[in-house]
Q: 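Here you go, one structure.
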Amino acid sequence: MSIEIVSIGNEVLRGMIVNTNAAFLGRRLTEEGWEITSQTTLPDEKPVLTTGLNEALIRSPVVIATGGLGPTVDDNTLICAKELFSKPPHEMPNSIGTAPGYFFSENKRFLFLLPGVPPEMEQMFEDAVLPYLKKHMPPKRLYREKIHFYLLKEDDVDPLLRDLKKEYKLEVGIYPSYSGLSVVISGPKKEHVVEAKKTLEKAFKASLLHASKLEEAIQHWMVKHGQTLALAESCTGGFMASQLTAIPGSSAYFLGSIVTYANSLKEGLLGVSAETLKKYGAVSQEAVHEMWTGLMKQTKADFGIAVSGIAGPSGGTREKPVGTVFYAIGKRGQMPEINTLHVKGSRQTVILRTTQKLLGFLLKKIL
């Protein structure tokens with residue numbers, strides 16, 4: 001049974017808000033075993049909206065639409081849907097909001113209308129839509145496994161996945177991120193899915209992530225081994241610390257971050273010498289080495305990361321273009337690893353990719 005997701009609203013179509021509703025529905029329906037054939041975004045205007053809903057129902061027997069159910073002048077979803085069915089809809093109560101949902105069923109065509117407010121939509125989907133689908137349109141039974149890897153690229157896993165897909169008749173998906181990638185394997189036979197997972201994990205054992213996020217894996221290891229971590233951040237401006245502290249319980253191992261954006265603070269708080277800054281610059285191996293050394297003196301952390309770079313869009317030179325990042329990672333009592341990254345992208349991308357790369361390097365080191 002194929003399902004199409006339709007998002008309704010000019011604010012979604014024009015990019016004024018992020019379409020989290022479609023992401024939620026796609027994820028939950030896939031988790032439960034249904035096939036999503038299409039996602040469509042439609043405006044509030046009646047002629048286009050009516051035509052769009054009708055075309056969706058031609059493509060898929062089941063359509064789940066969100067948005068346009070309120071009382072304001074631009075809420076036309078219910079009006080347009082009624083033009084496509086001769087029978088009146090069933091009303092679905094909204095347990096946490098005001099706008100109800102609606103369900104149309106006729107000639108083996110099913111249309112669910114849900115409110116556009118994400119919490120209300122999600123609750124109504126779980127309470128009403130999902131139970132109905134499970135009872136009347138149970139999905140094809142598929143076994144699914146998700147494997148997470150860090151510091152790994154799509155090209156690394158693609159050849160093996162192609163072989164596994166062909167050998168076991170599987171569906172595979174690769175989902176990259178700045179920290180690594182996730183692989184989803186699914187198929188009708190559980191033993192084939194399990195065997196493919198084992199093969200993949202064995203082939204890339206060194207990059208296997210036993211958590212859904214780098215930050216979770218780092219926290220688990222640090223807490224388990226009674227170790228602590230501190231940071232000295234310049235170009236990332238505290239973003240690395242924010243990622244670590246977003247995980248509940250991070251205070252059990254994370255001591256904090258000394259954000260030394262200005263050279264005066266690098267000198268005053270971390271003891272970076274004025275001579276080093278003058279001779280090599282704040283973005284240099286020498287500077288991050290001294291930042292790391294100062295960090296370990298200022299804290300009692302077992303592990304430390306120091307980072308300094310040029311996030312852009314200005315500030316780059318021929319020798320050190322935008323995206324040049326120096327870092328030092330190490331354990332107390334040992335010489336830190338000092339190296340350079342060359343990161344491409346916008347300022348936000350440089351900061352995000354640098355953060356994920358360094359957390360990946362840290363995890364690789366501690367494991």
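This structure is a prediction, so every number in the text was calculated from the model and none was measured.
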Q: State plainly whether the residues Glu201 and Lys205 are in salt-bridge range, i.e. N to O under 4.0 Å.
A: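 Between Lys205 and Glu201 there is no salt bridge, as every charged N stays at least 4.0 Å from the carboxylate O atoms.
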Q: Side chains of Thr276 and Glu286: do they bring a donor and an acceptor to under 3.5 Å?
A: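 Glu286 and Thr276 do not have a side-chain donor-acceptor pair below 3.5 Å.
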Q: With side-chain contact (heavy atoms from CB on, under 4.5 Å) as the criterion, how do Val288 and Val307 come out once you've worked through the C-alpha distance, each side chain's angles and the decisive distance to 0.1 Å?
A: CA-CA 6 Å; Val288 294; Val307 58; 5.8 Å; no
Q: Tell me yes or no: between the side chains of His148 and Ser182, is some donor less than 3.5 Å from an acceptor?
A: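 Side chains of His148 and Ser182: pair found under 3.5 Å.
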Q: Decide whether Asn10 and Glu45 meet the rule of one side-chain donor and one side-chain acceptor closer than 3.5 Å.
A: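 Result is yes, a qualifying pair exists.
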Q: Check whether any side-chain N or O of Asn107 sits under 3.5 Å from a backbone N or O of Arg109 as a donor-acceptor pair, and report yes or no.
A: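 Side chain of Asn107 to backbone of Arg109: no pair is present.
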Q: Using a strict 4.0 Å threshold on nitrogen-to-oxygen distance, state whether Lys87 and Glu106 make a salt bridge.
A: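 Salt bridge: no.
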Q: Determine whether a donor-acceptor pair (N or O, by modelled atom type, separation under 3.5 Å) exists between the side chain of Thr324 and the backbone of Pro321.
A: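 Yes; at least one donor-acceptor contact below 3.5 Å.
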Q: Tell me, with the steps shown, if Tyr327 and Glu337 meet side chain to side chain donor-acceptor pair (under 3.5 Å).
A: CA-CA 8 Å; Tyr327 66 89; Glu337 171 194 343; 3.1 Å; yes
Q: Between the main-chain N or O of Leu152 and the side-chain N or O of Ser207, is there a donor-acceptor pair closer than 3.5 Å?
A: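 It does not hold such a pair.
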Q: Keeping the roles fixed (side chain from Arg347, backbone from Pro313), state whether a donor-acceptor pair exists under 3.5 Å.
A: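 A pair under 3.5 Å: no.
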Q: Quick check: does any side chain N or O of Trp34 sit under 3.5 Å from a backbone N or O of Met137, one acting as donor and the other as acceptor?
A: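 Side chain of Trp34 to backbone of Met137: a pair is present.
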Q: With rounding to the nearest 0.5 Å, note down the distance linking CG in Leu114 to CG in Asn21.
A: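 Answer for the CG-CG pair, Leu114 versus Asn21, is 8.5 Å.
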Q: Do you know the tightest heavy-atom contact between Ser95 and Gln123?
A: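 Looks like OG-CG, 3.5 Å.
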Q: Under the 3.5 angstrom rule, does the side chain of Thr236 hit a backbone N or O of Phe239 as a donor-acceptor pair?
A: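 Not a single qualifying donor-acceptor pair exists.
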Q: Under a 3.5 Å distance rule, please check whether Gln219 uses its side chain to pair with a backbone N or O of Pro248 as donor and acceptor.
A: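 Yes.
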Q: With side chain to side chain donor-acceptor pair (under 3.5 Å) as the test, would you mind laying out the steps for Lys300 and Thr228 before giving the verdict?
A: CA-CA 8 Å; Lys300 296 181 180 181; Thr228 55; over 6 Å; no
Q: Using a strict 4.0 Å threshold on nitrogen-to-oxygen distance, state whether Lys213 and Glu216 make a salt bridge.
A: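 No.
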Q: For Phe112 and Tyr132, run side-chain contact (heavy atoms from CB on, under 4.5 Å): C-alpha distance rounded to whole Å, both residues' side-chain angles, the deciding distance at 0.1 Å, then the answer.
A: CA-CA 11 Å; Phe112 296 90; Tyr132 185 92; 3.7 Å; yes
Q: Do Lys365 and Phe303 meet the cation-pi criteria used here (NZ or CZ under 6.0 Å from the six-membered ring centre, within 45° of the axis)?
A: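 Here Lys365 fails the 6.0 Å and 45° test against Phe303.
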Q: Determine whether a donor-acceptor pair (N or O, by modelled atom type, separation under 3.5 Å) exists between the side chain of Asp44 and the backbone of Asp75.
A: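 No, the answer is negative, given that no donor and acceptor are paired below the 3.5 Å cut-off.
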Q: Can you see whether Glu290 engages Gln285 through a side-chain donor-acceptor pair at a distance of less than 3.5 angstrom?
A: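 Judged by distance alone, the side chains do not pair up.
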Q: Any donor and acceptor pair, going by atom type alone, linking the side chain of Asn54 with main-chain N or O of Thr51 inside 3.5 Å?
A: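 Not at all, since once roles are kept as given, no pair shorter than 3.5 Å links the two residues.
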Q: Applying the 4.5 Å side-chain criterion to the ILVMFWY set and letting contacts propagate, would Leu362 and Leu367 be lumped into a single cluster?
A: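 Yes; Leu367 is reachable from Leu362 via cluster members.
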Q: Atom CD of Glu4 and atom CZ of Arg59: how far apart are they, to the nearest 0.5 Å?
A: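 Between Glu4 CD and Arg59 CZ, I get 4.0 Å after rounding to 0.5 Å.
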Q: Can a side-chain donor-acceptor contact be found between Glu233 and Tyr261 if the only test is distance below 3.5 angstrom?
A: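 Checked: Tyr261/Glu233 side chains show no N/O donor-acceptor pair below 3.5 Å.
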Q: Would you give the length of the straight line joining atom CD1 of Ile8 to atom CG of Leu69, rounded to the nearest 0.5 angstrom?
A: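 With rounding to 0.5 Å, CD1 (Ile8) is 7.5 Å from CG (Leu69).
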Q: Under the side-chain contact (heavy atoms from CB on, under 4.5 Å) rule, what do Phe104 and Lys82 come out as? Steps first, then yes or no, please.
A: CA-CA 9 Å; Phe104 293 84; Lys82 286 181 177 179; 4.0 Å; yes
Q: Checking Ser273 against Glu267: is there a side-chain donor and acceptor pair closer than 3.5 Å?
A: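 No, no side-chain donor-acceptor contact under 3.5 Å.
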Q: Do Glu126 and Arg28 sit within salt-bridge range, that is, some charged N less than 4.0 Å from a carboxylate O?
A: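 Yes, Glu126 and Arg28 are salt-bridged.
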Q: I'd like to know if the side chain of Asn19 pairs up with that of Ser7 as donor and acceptor (distance under 3.5 Å, no hydrogens or angles considered).
A: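 Present: a donor and an acceptor within the cut-off.
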Q: Evaluate side chain to side chain donor-acceptor pair (under 3.5 Å) for Ser60 paired with Thr37, printing each intermediate quantity in order.
A: CA-CA 8 Å; Ser60 302; Thr37 55; 3.0 Å; yes
Q: Set out, in order, the CA-CA distance, both residues' side-chain angles and the distance that settles side-chain contact (heavy atoms from CB on, under 4.5 Å) for Ser186 and Val193, then state yes or no.
A: CA-CA 6 Å; Ser186 57; Val193 175; 5.6 Å; no
Q: Determine the interplanar angle of the His192 and Tyr168 rings, folded into 0 to 90°, and report it as parallel if under 30°, tilted if 30 to 60°, perpendicular if over 60°.
A: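 Tilted, since the angle between the ring planes falls between 30° and 60°.
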Q: Linking I/L/V/M/F/W/Y whenever their side-chain heavy atoms sit closer than 4.5 Å, directly or via other members, would Val6 and Phe85 fall into one cluster?
A: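 Cluster IDs for Val6 and Phe85 match.
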Q: Taking Gly187's backbone N and O only, do any of them form a donor-acceptor pair with Arg144's side chain (distance below 3.5 Å, no angle check)?
A: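 Checking the backbone N and O of Gly187 against the side chain of Arg144, no donor-acceptor pair under 3.5 Å is found.
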